[in-house]
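Below is one structure, written out as structure tokens; the observations come after it.
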Amino acid sequence: MTLDAESLLAQAERIAATAYAPYSRFRVGAVVVLPDGSIFAGCNVENAAYGASVCAEVNAITTAVAKGATEIDTIAIVCLDGAPCTPCGNCRQVMREFGVKSVLLRDSSGGAVELTLDDLLPMSFGPEALES
Ligand code: THU
């Protein structure tokens, strides 16, 4: 695994520490890298009305989009509490919208794992399906 992957996972871990997760106590951080190399981060933000909670990945992606991103190359995701986690289905679909290529996660020994979005969301539905 490249130093880059390690550094992105370390940044995701740092942002996870800022998560607002008083209900689940499950803190998640995500960092996205755009084709121009710029980086945006997000953590999960829960709500007393549970359905209004936002995942870390969606927070990082929407923050990047608010700065003009239309494409995302890489996302690194780290969970601080409990076993290493993989992104939820909704987050995988949001990643698909912006063409995420590489997904970096931690394995159970704390090592880095790199997956493609196709590994996580095979036969996916995306924007090109609506082009005619
Ligand atoms: N969570 C994320 O931030 N990303 C995921 O991919 C899965 C789950 C958050 C949502 C909620 O705040 C907490 O983790 C427990 O589900």
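Quick caveat: nothing in here was measured; it's all calculated off a predicted structure. Atoms within a ligand are numbered from 1 in the order they appear, just like the ligands themselves.
Looking at ligand 1, you won't find any N or O of Thr86 less than 3.5 Å from one of its N or O atoms. Any N or O atom pair closer than 3.5 Å counts here, and Glu57 shares at least one such pair with ligand 1. Of the polar atoms of Val28, none of the N or O atoms is found under 3.5 Å from an N or O of ligand 1, judged by distance alone.
We find that Glu128 and Arg96 are joined by a salt bridge, their nearest charged nitrogen and carboxylate oxygen being less than 4.0 Å apart. A salt bridge does not link Arg92 to Glu97: none of the charged nitrogens lies less than 4.0 Å from a carboxylate oxygen.
Arg25 CZ to Glu46 CD: the interatomic distance, rounded to the nearest 0.5 Å, is 9.5 Å. Note that the CG atom of Asp73 and the CD1 atom of Ile75 stand 12.0 Å from one another [nearest 0.5 Å]. Of the inter-residue distances, the one linking Arg14 atom CZ with Cys43 atom SG reads 14.0 Å to the nearest 0.5 angstrom.
No hydrogens or angles considered: nothing links the side chains of Thr116 and Asp118 as a donor-acceptor pair under 3.5 Å.
Every atom of ligand 1 is numbered from 1 in the order shown, and the set under 4.0 Å from a heavy atom of Cys88 is 5 (C), 6 (O), 7 (C). Near Glu46, the atoms of ligand 1 lying under 4.0 angstrom from a non-hydrogen atom of the residue are 11 (C), 12 (O), 13 (C). Distances below 4.0 Å separate heavy atoms of Ser24 from the following atoms of ligand 1: 13 (C), 15 (C).
In this structure, atom 12 (O) of ligand 1 has a protein heavy-atom contact shorter than 4.0 Å.
Given atom 9 (C) of ligand 1, the protein heavy atom at minimum distance is Asn44 ND2, 3.5 Å. Ranking the protein heavy atoms by distance from atom 3 (O) of ligand 1 puts Ala56 N, 2.9 Å first.
In terms of modelled atom types and a separation under 3.5 Å, the side chain of Asn44 and the main chain of Phe26 share a donor-acceptor contact.
Taking only non-hydrogen atoms, the option from Pro87, Ala21, Cys55 nearest to atom 10 (C) of ligand 1 is Cys55.
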